[in-house]
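Owing to the predicted nature of the structure, the values given are computational and were not obtained by experimental measurement.
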Amino acid sequence: MPTSETPHLPAGAVVVVPFPYSDRLAEKRRPAVIVSGGAVAEAGYVWIAMITSARNTRIAGDVRIDDTASAGLGVASVVRPLKLACIEPARILRRVGTLPDDTAAQVYATIRSLVGAA
């Protein structure tokens, strides 16, 4: 259950959240990776990127998670940087793991390229 006392989790933490669908007013409980830092947390929000099964059709920008054990995932998975959400920290149900540093770096680089930032 979410609480209002959810601690700040670092970028790269893999969490379980009710992730909003992009095409309808609904949510699905699923893993996501935190991609925001302290400044966003201080404002009372968390930015997350969807994690989905590697069995799903790949789309441009997907980043494969090679070390699923460290990420706390039971199946082969990818981070989908095209699907970001902004949530309140209390929506985080639990932390399950951490992305390896090299995978996290790929995710951040992909997000920067999609935003168009240098």
Side-chain angles (χ1 to χ4, degrees):
M1 246 339 167
T3 68
S4 59
E5 297 299 320
T6 303
H8 167 67
L9 294 171
V14 178
V15 296
V16 175
V17 298
F19 202 95
Y21 281 95
S22 59
D23 62 347
R24 59 183 168 243
L25 295 174
E27 304 173 319
K28 179 180 180 183
R29 191 174 289 195
R30 65 180 321 119
V33 61
I34 295 176
V35 295
S36 57
V40 175
E42 286 179 24
Y45 299 101
V46 178
W47 294 344
I48 55 173
M50 174 193 275
I51 295 176
T52 192
S53 168
R55 292 181 313 202
N56 291 328
T57 302
R58 298 282 303 259
I59 60 174
D62 281 358
V63 177
R64 190 177 72 212
I65 302 171
D66 290 322
D67 186 353
T68 55
S70 292
L73 303 168
V75 299
S77 301
V78 297
V79 178
R80 186 154 282 170
L82 277 173
K83 291 203 172 186
L84 300 178
C86 179
I87 64 169
E88 293 182 358
R91 306 268 300 154
I92 296 171
L93 301 174
R94 67 184 178 280
R95 182 178 183 169
V96 295
T98 303
L99 280 187
D101 290 341
D102 59 332
T103 305
Q106 284 182 290
V107 170
Y108 308 141
T110 301
I111 291 170
R112 278 192 301 277
S113 73
L114 292 168
V115 171

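- The number of heavy-atom neighbours closer than 6.0 Å to CG of Asp101, taken from other residues, nucleotides and ligands shown, is 12 or below.
- Within the 4.5 Å cutoff, the side chain of Pro89 has no heavy atoms near those of the His8 side chain.
- Side-chain atoms of Pro81 and Leu114, non-hydrogen and from C-beta on, do get closer than 4.5 Å to each other.
- Here the CG-CG distance, from Asp62 to Leu82, works out to 7.5 Å after rounding to the nearest 0.5 Å.
- Within the 4.5 Å cutoff, the side chain of Leu73 has heavy atoms near those of the Ile65 side chain.
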Q: Just do the side-chain contact (heavy atoms from CB on, under 4.5 Å) check on Thr98 and Val14 with the steps written out, would you?
A: CA-CA 5 Å; Thr98 303; Val14 178; 5.8 Å; no

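- The side-chain heavy atoms of Ile34 and Val15, taken from C-beta on, include a pair separated by under 4.5 Å.
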Q) Stepwise, does the side-chain contact (heavy atoms from CB on, under 4.5 Å) test hold for Val46 with Val40? A) CA-CA 6 Å; Val46 178; Val40 175; 5.7 Å; no

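- Here the side chain of Ser77 pairs a donor or acceptor atom with the backbone of Val75 at under 3.5 angstrom.
- Smallest separation of non-hydrogen atoms from Arg80 and Arg58: NH2-CA, 4.0 Å.
- Of all heavy-atom pairs spanning Ala71 and Val96, the tightest one is O-CG2, 3.7 Å.
- At a threshold of 4.5 Å between non-hydrogen side-chain atoms, the residues Phe19 and Arg30 count as touching.
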Q. Could you walk me through whether Thr52 and Arg55 pass the side-chain hydrogen bond (donor to acceptor under 3.5 Å, both in side chains) check?
A. CA-CA 8 Å; Thr52 192; Arg55 292 181 313 202; over 6 Å; no

Q | From CA spacing to verdict: side-chain contact (heavy atoms from CB on, under 4.5 Å), Ile51, Val78 | A | CA-CA 6 Å; Ile51 295 176; Val78 297; over 6 Å; no

Q: Dump the intermediate steps for side-chain contact (heavy atoms from CB on, under 4.5 Å) on Ile48 and Val35, then the final yes or no.
A: CA-CA 5 Å; Ile48 55 173; Val35 295; 5.8 Å; no

Q: Output, in order, the C-alpha distance, side-chain angles, deciding distance and verdict of salt bridge (Lys or Arg N to Asp or Glu O under 4.0 Å) for Asp66 and Arg64.
A: CA-CA 6 Å; Asp66 290 322; Arg64 190 177 72 212; 2.6 Å; yes

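- In this structure, Thr110 contributes its side chain and Gln106 its backbone to a donor-acceptor pair below 3.5 Å.
- The side-chain heavy atoms of Val17 and Arg29, taken from C-beta on, include no pair separated by under 4.5 Å.
- Nearest heavy atom pair, residue Pro10 against residue Arg95, reads CD-NH1, 3.9 Å.
- Looking only at distances, a side-chain donor or acceptor of Tyr108 sits under 3.5 Å from a matching main-chain atom of Gly12.
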